[in-house]
There are 4 protein chains.
Amino acid sequence: MKRPSSSSDGLLSPLFSSPAVEHELSDESLLRAMLDAEAALALACAKCGVVPPDAAELIQKTCQQGDFDIDEIGRAGQGAGNPVVPLVRSIVAQVPESAKPWVHYGATSQDILDTALMLMARRAAKIVLADVASAVDLVASLTVAHRGTLMVGRTLGQQAVVTTFGMKTAGWLVALDTTRARLASTMESQLAAQLGGAAGTLGVYGAAAIDVLREYAAQLGLAAPCVPWHTNRQRVLEFAAVLGELVAAAGKLALDVELLAQTEIGEVYEGGSGSHGTSSAMPHKRNPVDAVLIRSAAYRAPGLVATLFGASQHEQERAAGAWHAEWETLLELIRVTGGAMARTSQLVAAIEVDDARMRENLDITGGLVMAEQLAAVLAPTLGRSKAADAVARCCEQARSSRRHLRDVALADNELRSNLSAAQIDQALDPLGALNAIGPLIDRALAQHSAPAAAGEGSGR
Amino acid sequence: MKRPSSSSDGLLSPLFSSPAVEHELSDESLLRAMLDAEAALALACAKCGVVPPDAAELIQKTCQQGDFDIDEIGRAGQGAGNPVVPLVRSIVAQVPESAKPWVHYGATSQDILDTALMLMARRAAKIVLADVASAVDLVASLTVAHRGTLMVGRTLGQQAVVTTFGMKTAGWLVALDTTRARLASTMESQLAAQLGGAAGTLGVYGAAAIDVLREYAAQLGLAAPCVPWHTNRQRVLEFAAVLGELVAAAGKLALDVELLAQTEIGEVYEGGSGSHGTSSAMPHKRNPVDAVLIRSAAYRAPGLVATLFGASQHEQERAAGAWHAEWETLLELIRVTGGAMARTSQLVAAIEVDDARMRENLDITGGLVMAEQLAAVLAPTLGRSKAADAVARCCEQARSSRRHLRDVALADNELRSNLSAAQIDQALDPLGALNAIGPLIDRALAQHSAPAAAGEGSGR
Amino acid sequence: MKRPSSSSDGLLSPLFSSPAVEHELSDESLLRAMLDAEAALALACAKCGVVPPDAAELIQKTCQQGDFDIDEIGRAGQGAGNPVVPLVRSIVAQVPESAKPWVHYGATSQDILDTALMLMARRAAKIVLADVASAVDLVASLTVAHRGTLMVGRTLGQQAVVTTFGMKTAGWLVALDTTRARLASTMESQLAAQLGGAAGTLGVYGAAAIDVLREYAAQLGLAAPCVPWHTNRQRVLEFAAVLGELVAAAGKLALDVELLAQTEIGEVYEGGSGSHGTSSAMPHKRNPVDAVLIRSAAYRAPGLVATLFGASQHEQERAAGAWHAEWETLLELIRVTGGAMARTSQLVAAIEVDDARMRENLDITGGLVMAEQLAAVLAPTLGRSKAADAVARCCEQARSSRRHLRDVALADNELRSNLSAAQIDQALDPLGALNAIGPLIDRALAQHSAPAAAGEGSGR
Amino acid sequence: MKRPSSSSDGLLSPLFSSPAVEHELSDESLLRAMLDAEAALALACAKCGVVPPDAAELIQKTCQQGDFDIDEIGRAGQGAGNPVVPLVRSIVAQVPESAKPWVHYGATSQDILDTALMLMARRAAKIVLADVASAVDLVASLTVAHRGTLMVGRTLGQQAVVTTFGMKTAGWLVALDTTRARLASTMESQLAAQLGGAAGTLGVYGAAAIDVLREYAAQLGLAAPCVPWHTNRQRVLEFAAVLGELVAAAGKLALDVELLAQTEIGEVYEGGSGSHGTSSAMPHKRNPVDAVLIRSAAYRAPGLVATLFGASQHEQERAAGAWHAEWETLLELIRVTGGAMARTSQLVAAIEVDDARMRENLDITGGLVMAEQLAAVLAPTLGRSKAADAVARCCEQARSSRRHLRDVALADNELRSNLSAAQIDQALDPLGALNAIGPLIDRALAQHSAPAAAGEGSGR
């Protein structure tokens, strides 16, 4: 019995995370990110004339090639309450004498840890974004393919009126598309470098302070904040919220798939290779495994988002616990989001749609789901009130006598004195529902193709 | 003992809500918003040729002037699970015969209720936004006034290094400013009209569907969605998140005030008229009542945000419970946010800052909070490592002998052979810390004055 | 357009709350509870010789018959941050001179407000408990009635193996029964009086302190705490958790009902009078309205529970916000629980079970849900491995040829050389599944009838 | 740069978890627990005559000594959505032919995984319980030691009236004691074995079903449930709630420590060896590191508790996602609780109390915190109203003239005509406050020593 061989291995991680994302969230990646921050700080200071260029290069080299012991740093971090203090000690120990005074120059632990977490967030979010992009393109294709695939719409679990599978996926598409756009812009604007020194005043750098801040951020490819944000956590909240929204969009898609895959409905299945979702003991089952695991993420994200909102009031110039609560929570939220998005992409890529079953289910109620349309056709001649009454009467008759609405309608005097058999047939034809659906789907696809140009815009 | 005379009266509401906001969230306002939605629908349909103009006018008139019994509609809503069904029945009963068929034409209950909630959200959020604007301007003034008011920065509750009160409020300012901008843009883009009909297909309007949707939204001053969003709740989440962020920003400000108002610190007090925060039994107390109540909002918002995220996966074409969970939760979140923002504005308007006490507290540690600066001054001549060691030795001596660091430093041979008495005095002068603080405060104020033009932009 | 005429009226309240519970949570009831606490305090003090008996009686009389203006008290409470200060002022103003000094004697605002909230919690929880008792008895009856009503068990939305409806309801029964027991014991042990004075030291009563505390609690019918619990909120958390568990148990029941009521499954319906759940426009719908509204409570309770857990760290001798966050949150959680339990009782009372449809659905997969049982019958002669293989082969054949498993099995040489046609029929008969189910149901019913005596006990 | 060498190593884990607890939560421990469950199942079945004893022994042996590849099982679990399916496959592959059919006999994946999680919970909770026991004994000693250590009580951050440090710790004691008792009883009654088979009907075992269930639970030292609880998650909720309450109790203690350790208050410090909480750059700081990290747990637990409550409605006979969301969340909640309790024990063991500073701070307001007591002494002669007025006048005078209340009182004619100088001195002596505090502390200590015998009982 040996340990999992990486952070994305193990018994449960493969179910809930994506290896690529999880890799960016490992202790090794955190160490790397902290070292990147320390190196960038030295280089930025050098560029602004605050640290000798030679010292900065030596520091950068040690950060890149030095030997750092994760376990030891982790253990030693207990005295300080964070791993930066021992990390800095380890860098200092490894750089030549001349560079020692310039390690971590002017910074506080939170500068490095916040920046490292933002770097990790950015690196991981890029992978998430690619998974979302892949999922959303697949959903767009599905929407095009099933634009006219008739099925019944269901409200509160009850069959309601006719729709198409493409209309349903257009809803998924818009939700994922808008959230993707929000993730991309949030990454740009909210994932910012942190630099403030002991109390957020950038005290040590003197007149060069703001230049150092800008250069440091630039080195790392992160946004440069207006002022240090040590105890103003809007950035964390905004990033957390967009991850939560992403998981919500994926969770809605997965919920629909799981419900449509119920044995008694059977309109959609997860494909997937080999034994995906099958059970040797119960051969009739086709478990919607991806959907189930995406839904598990959707159950988990809100609590993680809430923790970050709950830990967002940071005391004075450094929080006594609220900040510390963010670290693992934020990483876990990214991890869960990453798992959900990778699996969403996989689910949509292999989804199987049973058009025939959709059509069959549409007729389960003996035409009653078309009642509204029949009343609409009848209205011009009979008046809307009378039309509604007449159709309601036919429906009641159909229900009680267990006959199809078409048969009842064709035999009904009031209806037949206003509509021909062909007209009744046409009214009860679900295809009539497609008129308005087409343009709606077009809007969703247009927004997908050209977010900026799409009518009311991506935000709308 | 009589009932509270309005929704914003009562024993607890005055503590937690703002009368103006609470008014927009009352049952009367919900009824008004639903009637506004029904009227707008009729007018939009008429404009698009789907409903006879006369009928639309009659419907609008009844929506504006009709007689609607809140209790009766509420009770009758139990059978349908929402109040729209009995409301529509009541409108139909009150319009002339010719208009009856056109009431609620093509819509489903969710269209009206979602739209009404968005209208309420918009109306209430406008008031919240005004309170934020007022608070943020007051914080900006405070920042200007206390730009150079020296005080100690505190991390983990411990005195750390010198800062200014204006630097602290600059942090509040940026947090409130960016969140205000986000609230404004979220109101524009995310608070959208809802229209989809029974299953989100806009089935009844035929070719006019998208025109009806656009016109309906325009009538109500809400965004027009790309497609119906009955079961894609990104809009609700995004609005909820920004409210949560707003409360977080206010909560941080309030937390700082409460901590600074502690008897032993006493740097900041809530002003306010009359008996605000005083206690006749304990005359020495000056309770930070506003801060406490704002903080209570900050404890509550995350759970409400989490509920909305948790209820964001809506089944198929209408959720069986998740949608219903949104209604009161969203209204409560707006209410709590409104209360917090009104109180924040009030707190900041009347805040009393005790500059002298700030200065006194800065000296409590006998100059130790200036140690870092002393080491910096010593570094050029002694080298950074030796400088740090020398200062650490002096600090230890000051601590153990309970003397001021200045006295120890002036008597220390190593220091004196490198620094004059005047240099030591200058190094220990907190005013030296102001160099970098000024430009940071300028950045925050510039962003406040001209969000779009301010360097890295409001998002950064 | 007039205001709702009571706190349980209005447009949304009737959907989410129970009038009887909501009545106990109104501002009037809060005022009553605070006055009860003040009266009990005076009487307890008198009994312990700390307050003159005449004064106590005068205070009690005023608390019972005095004139108190909710709006005025509420507004005046803003200066103090709670309504107790103006309430005490109002009592003092109304009692005769001799009693004035003894009003609120030795108490602090939190003593009265905490005690009042516990009283409200107790009064409301009694009603909730009665609703749970009613629901649980109805579920027990359902379990007895449907002990042998065969239906398919479903896992991950897929048909799995045979069970009975009574087995399903036995699960509901045990969940509700154990949570009911926990609510009852939590009410006894955790809903305690609060009395501590300004800083929880009972300072004013001298040697009589503990007697006053005990007598005060006894007067109110609340538990007497070991020490004042001003800033140790375990009691609130424990009560909140049990409410959350109750809503969870109800939510599970409602979720099952909603899923079973889906048009394509149709095994269970909500009954209920008149227009319950029906739609005139879509006559085929039978919306599970009660289930939907119970589920909405289940979406809301976790966020409210989380808020209380999140606000459970109270600073020093009085919290600066966390305490204030409890008040409305706790009342709302009770309200939502009350609504859910009343509706659960109503749902179960009127539930309609379609035994025939359950039986039909059991056969949808052409006998495959009985495959496991067929293999079990075959095992003794063929060995378990070979039996499993043989049955799997038949299942595959049945699936691919769309024939019933019975037909395939009867035609299969390997099976027929080991089993007679009658044996195969018996193996595929779902009735065989009842063997183990009966005793399990008996256990659940036994625990319901005699919680204390039932084998492993109610906790197990 | 290498991986952390165990699950409790790494950069962040040492801060937030206890190595002993984390060890029980590792993938290795999960594998062990699942294998324990499979072995116990075989043995229980054998004992009840359902499985051949030889086969059961072979299975047990393989479970104990077999070779299982965590990574491979984890990866293969993706097809099934849980790791049990490949684990069973691996056991089957390793047992001799004769035992193969009896592996996992009659069980479903959820039986094994739920049972394994309950086993892990039990094993980890035992360690947590020991840490709580250690912490609570230390808090009791602290309470005895500081029974009479005078200090000021603080409400809303303001000095209020006198108390003792022992009174404060008595509050911590009661909170921890009652929660410890609840954890112990919850472990016994709620951590139960899971066994139900494919749909919770124990279908395969026939008449032996309930015996198998009981024996299986007994083998594992877990409670035997009344009926399978696959989709009734009360047990998980109750366990989660008690963990949440434990963290809340620890968090309150930590919050008090952090606030008392503020530089300006300085009444309590974290001791601890070596560099605990010190900063070389800021020598005056004594960071309350343990308190900060405990508080971080208190920020995190509510969100995890909420996730479990939010995921507590499980569909039909197996949840499609809600169950899966429990696994990592429950383990994380245990982990965070374990870290918090270990650190609480450590904090209390090394806490340093500065009695002198407590006494000094008591006098900061110039005697005003004793005003209430002065009025009480004056009341018998002057009447309570006049006494209050007279003292209020003196307080106001003391405040405005910045003199000590004693000096003002001694010079006040009205007071001096009723009280001697000695009486005034006695009234202003904080020691007078100890009368009621002693008995309260005794109650808390008595309940600690003999929970069952302590007056109102541990629940009260």
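Below, chain A is the first sequence line, B the second, and so on; all start at residue 1.
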Turns out that what part of A:R295 lies under 4.5 Å from chain B's heavy atoms comes down to neither
Honestly, the part of A:A199 sitting under 4.5 Å from a heavy atom of chain B is both
Under 4.5 Å to a heavy atom of chain B? For A:A198 that would be both
The interface call for A:E238 against chain B, heavy-atom contacts under 4.5 Å, is both
When the 4.5 angstrom heavy-atom criterion is applied to B:T179 and chain A, the contacting part is side chain
Chain A shares the most heavy-atom pairs under 4.5 Å, among B:R154, B:Q110, B:K100, B:M167, with B:R154
From the list A:K168, A:Q159, A:Q158, side chain to side chain donor-acceptor pair (under 3.5 Å) partner of B:E317 resolves to A:K168
| B:Q316 backbone acceptor or donor facing A:K252 side chain under 3.5 Å | yes
All heavy atoms of B:I210 vs all of A:L440, minimum pair found to be CD1-N, 4.0 Å
Whatever's closer than 4.5 Å to a heavy atom in chain B on A:T108 counts as neither
When the 4.5 angstrom heavy-atom criterion is applied to A:V242 and chain B, the contacting part is neither
So, the part of A:W102 with a heavy atom under 4.5 Å from chain B: the answer is both
Expected output: side-chain A:R443 to main-chain B:C226 donor-acceptor under 3.5 Å: yes
Under 4.5 Å to a heavy atom of chain A? For B:L202 that would be both
Whatever's closer than 4.5 Å to a heavy atom in chain B on A:L260 counts as both
